[in-house]
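Computation of the quantities below employed the complete heavy-atom set of this structure, encompassing side-chain atoms and omitting hydrogens, waters and symmetry-equivalent molecules. Positions are given from 1, in the same order as the sequence printed here. When a ligand or atom number is given, it counts from 1 through the structure's own listing order.
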Amino acid sequence: MKTHLTLAALLATTMLAAAPAQAQPSPEELVNAFEGVLGPIRTSRPSHPKGYCATGHFTATPDGTRLSVAPTFSGQRVNTLIRFGVAGPNPQGASDVARSTRGLSIRFETQAGDVWEMANISAPIFGSPTPEVFVQNLAVRRPDPATGRPNQQAIDAFVAANPAVTLQGRWLASMAPPASFATTPYWGVNAFRFRGQDGQVRIARWSFEPRAGVERLTDEQVRTLGPNFLADELRARVGRGPVEFDMVLQFPAAGDDVNNPTIAWPADRPRTTVGRLMVTAVEPGPGGACDPVSFMVLDQEPGVTFSDDPTLAVRAGSYAVSLSRRLQ
Ligand code: HEM
């Protein structure tokens with residue numbers, strides 16, 4: 001029976017696993033970059049600070065079992081700890097009617113004790129093409145101590161030189177916010193390698209597609225619902241029956257960029273449904289059992305391993321650093 005790692009061991013292992021091939025910002029530098037803009041991390045996450053804990057289970061489809069030898073895809077029921085989150089500077093500032101990302105974070109725990117974690121967002125792309133640009137993008141937004149505000153000219157010059165940092169914001173601005181945590185797709189964004197039962201390794205990105213269909217807020221709802229309706233809406237929905245998502249893999253074609261998370265692959269690329277996530281209970285308050293978990297985007301070797309997307313190499317380590325600061 002495998003046991004869960006302690007935070008200290010997790011920090012050590014993710015640092016080793018995240019050892020970059022070439023100089024990249026360290027996990028501490030990435031978390032420091034968040035703190036430069038948001039202030040010191042206290043109890044809430046620097047990303048998706050508002051969130052609600054839920055539980056459920058996941059079962060792979062026969063295609064999932066064929067496409068990945070990871071324990072999560074065995075076809076047996078796998079228990080899940082889930083966190084639905086809302087992006088924003090802090091829990092109070094994260095509004096449910098904002099054109100920002102919602103999060104679906106999942107910790108899969110097989111009956112044999114294998115653990116796999118991931119964090120997904122309600123946009124197909126990320127806000128930075130590389131960890132270096134991620135740090136620079138936050139650094140240029142640090143408030144100037146003299147004025148208490150960031151230097152807008154410096155931000156404009158940075159954005160002009162790095163237009164990829166605008167792509168996610170433009171995608172989010174182009175459509176209304178989700179009407180429910182249960183009616184938006186969530187994307188894993190980064191590409192991973194899947195080793196199938198045939199021994200073949202395939203690059204893929206995943207998404208979680210709502211079985212309830214996609215539904216977005218009307219202008220009237222944006223005006224009237226207020227900033228905190230999503231959790232109660234989800235609780236009421238789960239009270240009527242499980243909320244379900246299909247986990248879908250998308251495979252690139254020759255020439256698709258697999259290492260840049262600001263570029264989505266065209267919609268016509270082949271897709272296969274590899275599993276079904278059922279959300280069966282939502283905790284009553286904000287936070288709960290998912291609070292001390294960072295959903296740090298792990299390999300599940302040998303069935304799911306990191307691609308060469310440089311973002312992946314630093315994510316797990318920075319999540320561990322952030323978690324350790326939150327728990328101090
Ligand atoms: C350079 C790249 C990235 C860095 C440095 C980074 C860093 C972080 C950190 C430090 C946290 C807080 C962890 C905690 O305190 O528990 C976090 C949370 C989160 N990140 Fe990232 N992240 C990156 C990329 C991404 C991408 C590509 C996605 C989209 C798939 C993503 C989605 C999320 C979500 C949904 C959460 C909230 C997780 C939760 O519910 O607890 N991040 N990120």
Side-chain angles (χ1 to χ4, degrees), residues 7 10-11 14 18 20 24-38 40-54 80-88 90-91 94 100-107 117-139 164-165 167-168 171-172 181 184-192 205-208 259-264 286-298 306-307 309-328:
L7 178 60
L10 210 44
L11 272 167
T14 54
Q24 282 197 343
S26 67
E28 285 82 3
E29 285 171 304
L30 286 155
V31 177
N32 293 346
F34 272 117
E35 289 192 331
V37 176
L38 300 171
I41 292 173
R42 299 276 184 237
T43 50
S44 58
R45 293 149 165 79
S47 171
H48 296 89
K50 187 167 89 176
Y52 307 94
C53 304
T80 56
L81 175 65
I82 297 163
R83 182 172 184 272
F84 287 95
V86 183
N90 52 52
S100 59
T101 52
R102 311 291 170 265
L104 169 67
S105 305
I106 310 168
R107 179 183 184 127
E117 290 179 8
M118 58 167 64
N120 310 289
I121 52 173
S122 60
I125 53 177
F126 189 51
S128 294
T130 63
E132 291 87 338
V133 173
F134 181 87
V135 168
Q136 292 160 7
N137 191 28
L138 286 173
V165 301
L167 296 175
Q168 188 197 61
W171 190 91
L172 289 165
F181 279 128
T184 174
Y186 297 88
W187 286 266
V189 177
N190 300 122
F192 286 74
R205 285 172 170 169
W206 63 70
S207 59
F208 285 82
N259 295 324
N260 184 340
T262 63
I263 300 176
C290 67
D291 262 357
V293 176
S294 79
F295 302 97
M296 61 175 56
V297 191
L298 298 169
F306 289 174
S307 67
D309 180 339
T311 305
L312 282 171
V314 299
R315 271 182 85 184
S318 65
Y319 285 44
V321 169
S322 172
L323 178 64
S324 69
R325 292 186 191 178
R326 286 200 283 120
L327 295 185
Q328 264 171 18

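Contact annotation: for Leu104 versus ligand 1, there are no heavy atoms closer than 4.0 Å. With a 4.0 Å heavy-atom cut-off, ligand 1 is reached by the backbone of Trp187 but not by any atom from C-beta on. Within the 4.0 Å heavy-atom criterion, neither part of Met296 lies near ligand 1.
With sequence neighbours excluded, no residue forms a salt bridge (Lys or Arg N to Asp or Glu O under 4.0 Å) with Asp309.
Against a heavy-atom cut-off of under 4.0 Å, Phe295 is close to the following atoms of ligand 1: 39 (C), 41 (O). Short contacts between ligand 1 and Thr311, defined as distances under 4.0 Å to a heavy atom of the residue, involve ligand atoms 1 (C), 2 (C). The Ser294 neighbourhood of ligand 1 comprises atoms 14 (C), 16 (O), with distances under 4.0 Å to a heavy atom of that residue.
Atom 41 (O) of ligand 1 has Arg45 NE, 2.4 Å as its closest protein atom, hydrogens excluded (heavy atom only). What sits closest to atom 13 (C) of ligand 1 on the protein, heavy atoms only, is Ser322 OG, 3.7 Å. Scanning the protein for heavy atoms near atom 16 (O) of ligand 1, the closest one is Arg326 NH2, 2.7 Å. Protein heavy atom nearest atom 38 (C) of ligand 1, with residue, atom name and distance: Ser105 OG, 3.3 Å.
For atom 21 (Fe) of ligand 1, the neighbouring protein N/O/S atoms at less than 2.8 Å, given as residue and atom, are Tyr319 OH.
Looking at Asn120 and Val189, their side chains never come closer than 4.5 Å, going by heavy atoms from C-beta outward. At a threshold of 4.5 Å between non-hydrogen side-chain atoms, the residues Leu138 and Phe34 count as touching. Looking at Arg326 and Ser44, their side chains never come closer than 4.5 Å, going by heavy atoms from C-beta outward. Side-chain contact check for Pro261 versus Ile125: every heavy-atom pair is 4.5 Å or farther apart.
At a 4.0 Å cut-off, not a single heavy atom of Phe84 sits close enough to ligand 1 to count as contact. Under a 4.0 angstrom heavy-atom cut-off, Gly188 registers as being in contact with ligand 1. Residue Pro46 places a heavy atom less than 4.0 Å from ligand 1.
Considering all non-hydrogen atoms of both residues, Ala264 and Pro124 come closest at CB-CB, 4.3 Å. Taking each heavy atom of Glu35 and Ile41 in turn, the nearest pair found is OE2-N, 2.8 Å.
The backbone N or O of Glu28 sits less than 3.5 Å from a side-chain atom of Asn32, completing a donor-acceptor pair. Here the side chain of Thr184 pairs no donor or acceptor atom with the backbone of Phe181 at under 3.5 angstrom. Looking only at distances, no side-chain donor or acceptor of Glu117 sits under 3.5 Å from a matching main-chain atom of Leu298.
The shortest N or O to N or O distance between Asn190 and ligand 1 is not below 3.5 Å. Of the N or O atoms in Asn120, none lie within a sub-3.5 Å distance of an N or O in ligand 1.
With rounding to the nearest 0.5 angstrom, the OG atom of Ser100 is 7.0 Å from the NE2 atom of His48. The CZ atom of Arg325 sits 11.5 Å away from the CZ atom of Arg42 when rounded to the nearest 0.5 Å.
Classification of the Phe134-Phe126 ring pair by plane angle, with boundaries at 30° and 60°, yields parallel.
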